[in-house]
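Here is the structure we will look at.
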Amino acid sequence: MGSNALESMSSHATQDIIVEGPLLGELRGSGRGGLAGYLGAGGYDALAQAMRGGAADALARLAASGLRGRAGGGFPTAVKWKQVRDNGAPARYFVCNANTGQLGGGKESALIRLNPHAVIEAVALAASIVGAQVAFIHLGQSLEHEQLLLEAAVQEARMQHLLDPAACDIRIQRSESGYLAGEETALLELLEGRPGRPRGKPAMPTRSGFQKQPTVVNNLETVLQALLAIRLGPEQFRAVGSRYASGTTIFSVVGDVARPGLYELPLGTALGTLIHEHAGGISGNGSLKAALVGGTSGTAVGVEHADLPLDYDSLAGIGGSLGSGVIIVLSDTTSMVGVARDLARFYHQNSCGKCAPCKDGTRRAYHMLDNLDRVDESATDWQLSSVEPVGSRKIPMLLVNAAPAKRASISYTDSGIGLEKIRLICTWYSTRGDCHHPTESSRMLQSLLDGLTDEFERERAAPVMDEDAMRSTMPAN
């Protein structure tokens, strides 16, 4: 993974499906033959049963299945749905988030293309269970073809009287993509016609979401896994997975692996098993150096964690998160200092600017990582410029405000020495924001510093040549 390799990872590029499990297999099998094929495989049966008064039973089956959300910390899906179902508000909403914006993702496109009718039934069923009169399917800007597929499926289902728009109006919307646009409250802002910036908490969307009404927000995989759990029943759904994380999840494996793509495997699969046995090992005859588990919003782990079970609680135990299942694999040829710089720059550029500590903190962390040889200088994190590229590597920075930051004579980070100064600024901004971005970015950068300290120290101690010295070492033409 070379310099700025993160920029080459699209958040909405369609990934190849390498390993199918229960969900992908069901979607592919019942998706053949369009609506007729889906109906022949039992499609829309679960929705019909819920509409005939079986919504409470469907919720009970979902709860017994133990399904946890396939994003973030894995919150129990049935608990969230019940919170909104039991709310006495006159209006309730359901939002299916297919705009996660995670670099190295792309499962949303694959899921929709496999079986658009399954997506529509899953969303309509979820809306029926929680009592939502309106359900949104929100897509990233690049998923234009997927929007057409879903709109056609809605029309077909209505013509066959499989969907009742009076009971639930399904609206398919496509708007701006972006790393933070997939955050649930930022998504609600987009749906209400405002810029996609996260809201402050509390209250949570289940109490005050779309138009300040109770709202469930789940990502696309979670909604489809819920349909599968209700159709299969608890016993069959829990046949795979771990004790506290039932079922499968779809891992998106990218980076330095022989076979990048989508892998549906049981929760609890070991990291090394996923990389070496399923994804074909490290490309180019290299060896594993680290993996960013949970993608850019997760945590970095080294080869010593090859036996780490990929489930919510195991990752929480090491301070990490499974996120939406993105695994970025890095080989022994990768500069982890370069990765940290690229990530810090990415975090700063994708901070929306609403919360000043997040925008400022990510900027200062980036500056220090880009100037490791000067990190021991007093107030080095304040030696910033918003006009010219910063640092010896000449990586441009995008700042919210055009005015240059004033240089301080002393900084909070001066209480530390060396790499500890970067850890201090990461800790400082980690809890100062309305969304998870400061927490996740701080966690990732500190996991890199802690897990590969020696590499960062070597870079810090290495002499940095100025441009004249670099030219003097180049061979003459």
Side-chain angles (χ1 to χ4, degrees), residues 17 19-31 38-86 94 96 107 111 114-115 117-119 121-130 216 218-251 262-270 273-274 278 309-316 322 324-325:
I17 296 172
V19 174
E20 291 185 359
L23 177 61
L24 291 175
E26 173 71 18
L27 291 176
R28 186 183 298 279
S30 62
Y38 188 59
L39 291 173
Y44 289 101
D45 285 354
L47 174 61
Q49 292 171 11
M51 296 297 291
R52 289 195 297 265
D57 179 65
L59 181 60
R61 287 166 68 86
L62 181 65
S65 75
L67 176 67
R68 297 171 66 173
R70 298 303 194 245
F75 190 80
T77 304
V79 173
K80 181 185 286 191
W81 289 17
K82 190 174 188 301
Q83 288 173 350
V84 173
R85 177 180 172 83
D86 292 347
F94 186 87
C96 174
K107 70 175 73 173
L111 291 170
L114 271 180
N115 197 331
H117 274 288
V119 175
E121 182 185 13
V123 171
L125 176 62
S128 173
I129 291 172
V130 306
V216 170
N218 281 132
N219 71 0
L220 177 58
E221 185 187 349
T222 302
V223 180
L224 288 168
Q225 291 278 10
L227 172 62
L228 182 68
I230 292 169
R231 291 181 65 174
L232 294 180
E235 184 176 349
Q236 189 173 348
F237 187 80
R238 298 183 75 105
V240 296
S242 60
R243 180 178 180 183
Y244 299 111
S246 56
T248 62
T249 196
I250 301 171
F251 297 101
L262 301 177
Y263 294 79
E264 185 188 355
L265 297 168
L267 282 161
T269 298
T273 300
L274 172 60
H278 293 287
L310 295 174
D311 60 52
Y312 313 105
D313 301 315
S314 297
L315 282 159
L322 185 58
S324 59

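All residue numbers in this chain count up from 1 along the given sequence. Computed over heavy atoms, backbone and side chain alike; hydrogens, waters and symmetry mates excluded.
For the pair Cys96 and Val123, the tightest heavy-atom approach, listed with the atom from each and the gap, is CB-CG2, 3.9 Å. Nearest heavy atoms, Leu224 versus Ala118: CD2-O, 3.8 Å. Smallest separation of non-hydrogen atoms from Arg238 and Ser246: CG-CB, 3.9 Å.
Screening residues 62-71 for salt bridge (charged side-chain N to carboxylate O under 4.0 Å, His left out) gives Arg68-Asp313 as the qualifying pairs, with residues at least two apart or on separate chains. Pairs passing the salt bridge (charged side-chain N to carboxylate O under 4.0 Å, His left out) check and including a residue from residues 222-237, sequence neighbours excluded, read Glu26-Arg231. Applying the ring pair (Phe, Tyr, Trp, His ring centres under 6.0 Å) test to every pair with at least one member in residues 57-86, sequence neighbours left out, gives these pairs: Trp81-Phe94. Sequence neighbours left out, not one pair with a member in residues 47-67 passes ring pair (Phe, Tyr, Trp, His ring centres under 6.0 Å).
Not a single donor-acceptor pair under 3.5 Å links the side chain of Glu121 to the backbone N or O of Gly43. Looking only at distances, no side-chain donor or acceptor of Tyr312 sits under 3.5 Å from a matching main-chain atom of Tyr244.
Legend: residues meeting side chain to side chain donor-acceptor pair (under 3.5 Å) with Ser30, ordered by chain and number and at least two apart, are Asn115. Residues passing the side chain to side chain donor-acceptor pair (under 3.5 Å) test with Glu221, sequence neighbours excluded: Lys107, Gln225, Thr249. For the side-chain contact (heavy atoms from CB on, under 4.5 Å) test, residues two or more places apart in sequence or in another chain that qualify with Leu39 are Leu35, Tyr44, Leu162. In this view, Glu264 satisfies the salt bridge (Lys or Arg N to Asp or Glu O under 4.0 Å) rule with no residue, not counting sequence neighbours. Taking Ser314 as the reference, Leu308, Pro309, Asp311 meet the side-chain contact (heavy atoms from CB on, under 4.5 Å) condition, with sequence neighbours excluded. Scored by the side-chain contact (heavy atoms from CB on, under 4.5 Å) test, Ala229 finds Leu62, Ser65, Phe237 as partners (sequence neighbours excluded). For Tyr263, there are no side chain to side chain donor-acceptor pair (under 3.5 Å) partners at least two apart in sequence or on another chain. Residues meeting the side-chain contact (heavy atoms from CB on, under 4.5 Å) test with Lys82, sequence neighbours left out: Leu59, Asp86.
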- Item | side chain to side chain contact (heavy atoms under 4.5 Å, CB included) between Leu310 and Leu265, worked out | CA-CA 10 Å; Leu310 295 174; Leu265 297 168; over 6 Å; no
- side chain to side chain contact (heavy atoms under 4.5 Å, CB included) between Phe251 and His278, intermediate numbers included: CA-CA 11 Å; Phe251 297 101; His278 293 287; over 6 Å; no
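Taking CG of Leu262 as the reference point, atom CG of Leu111 lies at 7.5 Å (rounded to 0.5 Å). Taking CG of Leu47 as the reference point, atom CD1 of Ile129 lies at 9.5 Å (rounded to 0.5 Å). Separation of atoms CG (Asn218) and OG1 (Thr77) is listed at 5.5 Å; rounding is to 0.5 Å.
The closest side-chain heavy-atom distance from Leu114 to Ile17 is below 4.5 Å.
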